[in-house]
Protein chains: 2
Amino acid sequence: VLEEFQPDAVVHLAEMPSAAYSMIDAAHTAFTQQNNVIGTLNLLWALKTYCPDAHLVKLGTLGEYGTPNLDIPEGFFEVEYRGRKDILPFPRQAGSFYHWSKVHDSNNIMFACKIWGVRSTDIMQGIVFGTRFNDQPAEARMCTRLDFDQCFGTVINRFCCQAIIGHPLTIYGEGGQRRGILPLRDSMQCLALILANPPEKGEYRVFNQFDSAYSVYELAKMVQSAGQSIGLDVQMTHVENPRIELQDHYYNPSNEQLRRLGYCPSTTIQDELVRMLMELKPYARRITEKMNVFLPDIQWSDQH
Amino acid sequence: VLEEFQPDAVVHLAEMPSAAYSMIDAAHTAFTQQNNVIGTLNLLWALKTYCPDAHLVKLGTLGEYGTPNLDIPEGFFEVEYRGRKDILPFPRQAGSFYHWSKVHDSNNIMFACKIWGVRSTDIMQGIVFGTRFNDQPAEARMCTRLDFDQCFGTVINRFCCQAIIGHPLTIYGEGGQRRGILPLRDSMQCLALILANPPEKGEYRVFNQFDSAYSVYELAKMVQSAGQSIGLDVQMTHVENPRIELQDHYYNPSNEQLRRLGYCPSTTIQDELVRMLMELKPYARRITEKMNVFLPDIQWSDQH
């Protein structure tokens with residue numbers, strides 16, 4: 001396909017996207033890393049062989065960095081150590097075998113750029129939420145997919161579905177975990193900017209792609225407030241955190257590069273949450289039928 | 001097997017070990033990472049499930065670090081960045097898809113230690129050479145295997161085989177690449193020390209395992225000198241470097257931890273080279289029959 005089509009760019013979104021799914025058992029861990037890592041390696045070889053000038057846009061995740069007690073730069077940082085200086089890749093400390101599969105991808109892509117002259121943008125994206133992108137066609141069949149289960153439903157999507165049917169928002173643990181988030185419409189805006197501004201041949205660049213960082217508890221409060229503004233009675237509850245992660249920590253990733261390319265938030269989080277709740281309202285019955293998927297039973301470890 | 005045997009330790013050497021082999025084509029790259037990464041993941045799940053207290057001793061490579069312009073610590077270092085401090089994994093910059101497979105393993109093992117309480121020693125080993133270990137049985141059937149081809153024959157083994165049959169030592173490029181090396185007998189000494197001194201439960205520790213670092217040119221000179229001392233006429237030649245690597249660079253990995261556990265070189269490099277050449281002499285005809293494997297034809301890139 002690449003040989004015949006000769007693309008200017010390839011946007012690679014074809015990965016298994018769930019942290020919880022990758023932690024189920026040995027087979028799910030192996031599938032996750034096999035699918036993501038080997039799939040990306042095959043794509044890298046195909047690019048090298050058939051369209052070496054194409055721009056590879058790869059979706060990584062802000063979760064590759066974990067939550068170090070330092071500011072998080074975009075991919076690289078200058079380090080001074082025992083009197084010498086160098087610019088090094090920023091160390092990754094991912095929190096699931098899925099997130100590690102993205103780190104392995106990032107490392108393989110960085111290497112392919114170095115030895116083969118592939119050009120690539122590796123996107124460390126925050127948690128995406130929402131149902132719409134700008135200029136989305138109006139027909140129902142062009143609606144986005146929306147998951148709200150423990151594996152594929154990210155936290156804000158789950159909270160909004162819970163708010164719609166009067167189910168308490170299920171906060172994992174105390175909810176102090178901080179993460180970067182981004183509305184779907186601005187994820188698409190950033191992708192378009194990246195495609196319009198490709199890197200140099202052989203360049204491997206890393207963009208942190210998110211709007212702002214919030215704690216899970218703050219996100220629940222924002223969904224509650226958006227729900228109240230359209231007449232929903234939204235309660236919150238805490239459930240045992242099935243994940244092993246810091247629940248109260250420093251978090252300060254930078255996102256300068258996309259802003260320099262022209263990224264500008266097209267909406268506030270609060271407004272987007274209200275629009276999303278309005279749009280989900282007609283589907284309340286579908287959500288209620290599946291509400292058994294709200295509670296997480298995939299544990300990161302059986303020892304806690 | 002693990003459930004029935006209940007081992008105190010598992011020494012994991014079951015990986016595809018060649019940088020050049022991993023660079024042949026897409027299928028060889030995929031096989032390398034599939035075999036090494038998924039094999040290690042399966043072992044991690046088996047340890048967690050059947051013998052969670054066993055000590056995993058994993059063979060990584062000093063090549064995981066690449067050649068940064070800084071001292072190389074053992075796995076972790078303290079960093080100050082924008083006014084804050086943290087202890088972080090030392091960033092890896094491997095030089096082949098094989099070396100990257102070892103980085104991916106290291107990352108997966110570090111994570112398993114953190115979430116499941118696995119205990120592991122991850123060995124960043126230098127280039128091993130030699131034919132003997134201490135207390136090796138005398139029978140011929142207990143001899144070690146020795147490869148000297150471009151894929152599985154490491155640099156000193158190749159130089160020694162070339163010296164034996166009067167073939168010039170094939171130095172890749174100028175030979176300024178510096179690497180840590182270790183005689184086989186001391187690789188075994190270190191493994192024994194590691195097994196006798198296991199880490200705490202949940203501890204992930206990284207040991208840099210090598211004797212000293214030399215440039216490829218220095219190694220060739222040492223083999224030449226060892227050869228001359230037993231009457232061999234040893235010439236050197238430079239061949240085009242098929243690899244993409246720095247050929248003149250800073251290199252200073254630390255190896256304090258094994259020394260603290262009691263590691264002490266049991267021989268000098270020079271003496272070991274002489275012993276090795278003496279031992280290879282009777283096999284000169286076998287080496288001559290296969291001398292077509294000396295010249296490297298696997299290129300890291302077709303663009304240089």
Side-chain angles (χ1 to χ4, degrees), chain A residues 23 25-27 29-34 37-38 41-42 44-46 48-49 52 68-71 73 76-97 99-101 103-104 107-108 110-112 114-117 243-244 250 252 300-304, chain B residues 23 25-27 29-34 37-38 41-42 44-46 48-49 52 68-71 73 76-97 99-101 103-104 107-108 110-112 114-117 243-244 250 252 300-304:
Chain A
M23 302 304 293
D25 58 19
T29 297
F31 169 77
T32 301
Q33 295 209 353
Q34 150 88 39
V37 175
I38 307 300
L41 284 174
N42 286 335
L44 287 169
W45 270 99
K48 167 198 193 282
T49 309
N69 191 30
L70 296 171
D71 287 359
F76 296 87
F77 69 153
E78 190 180 57
V79 176
E80 184 168 342
Y81 180 59
R82 297 189 189 162
R84 298 180 67 89
K85 281 188 185 176
D86 200 1
I87 291 171
L88 298 176
F90 190 76
R92 305 299 209 266
Q93 295 180 90
S96 74
F97 285 118
H99 288 97
W100 279 115
S101 77
V103 176
H104 307 340
N107 283 328
N108 286 333
M110 176 173 70
F111 179 61
K114 182 175 170 186
I115 59 164
W116 294 335
R243 305 183 176 211
I244 295 180
Y250 183 74
N252 190 26
W300 259 231
S301 168
D302 40 25
Q303 289 170 22
H304 67 291
Chain B
M23 302 303 294
D25 59 20
T29 298
F31 168 76
T32 301
Q33 295 208 355
Q34 150 89 39
V37 175
I38 307 300
L41 285 174
N42 285 336
L44 288 169
W45 270 99
K48 168 197 193 284
T49 309
N69 191 31
L70 295 173
D71 288 358
F76 296 86
F77 69 154
E78 190 181 58
V79 177
E80 182 166 344
Y81 181 59
R82 297 187 188 162
R84 298 179 66 89
K85 281 188 184 175
D86 199 0
I87 291 171
L88 298 176
F90 190 77
R92 304 302 208 265
Q93 295 182 90
S96 76
F97 285 119
H99 288 97
W100 279 114
S101 76
V103 176
H104 307 340
N107 284 327
N108 286 333
M110 175 172 70
F111 179 61
K114 183 176 168 184
I115 59 163
W116 294 335
R243 305 183 174 211
I244 295 180
Y250 183 75
N252 189 27
W300 259 232
S301 168
D302 41 24
Q303 289 170 23
H304 68 290

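All chains are named by letter (A, B, ...) in the order of the sequence lines, taking the proteins before the strands, and each is independently numbered beginning at 1.
His104(B) and Ser101(B) form no side-chain donor-acceptor contact under 3.5 Å, judged by distance and modelled atom types alone.
Considering only heavy-atom pairs separated by less than 4.5 Å from chain B, the leading option among Lys85(A), Glu78(A), Glu80(A), Lys114(A) is Lys85(A). In terms of heavy-atom pairs under 4.5 angstrom with chain A, the leader among Asp25(B), Val37(B), Asn42(B), Ile38(B) is Asp25(B). Of the listed residues (Ala27(B), Gly83(B), Pro73(B)), the greatest number of heavy-atom pairs within a distance under 4.5 Å of chain A belongs to Pro73(B). Per-residue counts of heavy-atom pairs under 4.5 Å with chain A were compared for Ala112(B), Ala30(B), Pro91(B); the largest is that of Pro91(B).
Every residue two or more places apart in sequence or in another chain that forms a salt bridge (charged side-chain N to carboxylate O under 4.0 Å, His left out) with Asp71(A) is listed here: Arg82(B). In terms of the ring pair (Phe, Tyr, Trp, His ring centres under 6.0 Å) criterion, residue partners of Phe77(A) (sequence neighbours excluded) are, by chain and number, Phe90(A), Tyr81(B).
Counting only distance, with no hydrogens or angles, the side chain of Trp116(B) and the backbone of Pro52(B) share no donor-acceptor pair below 3.5 Å. Within the 3.5 Å criterion, the main-chain N or O of Gln33(B) finds no donor-acceptor partner in the side chain of Trp100(B).
Contact of Met23(B) with chain A is made through backbone and side chain together, with heavy-atom distances under 4.5 Å. The parts of Val79(B) that come within reach of chain A are both its backbone and its side chain, each placing non-hydrogen atoms under 4.5 angstrom from that chain. If you measure heavy-atom distances from Ala94(B) to chain A, the contacts under 4.5 Å come from the backbone alone. Proximity to chain A is limited to the side chain of Gln93(B), based on heavy atoms less than 4.5 angstrom apart.
Within the 4.5 Å cutoff, the side chain of Val103(B) has heavy atoms near those of the Asn107(A) side chain.
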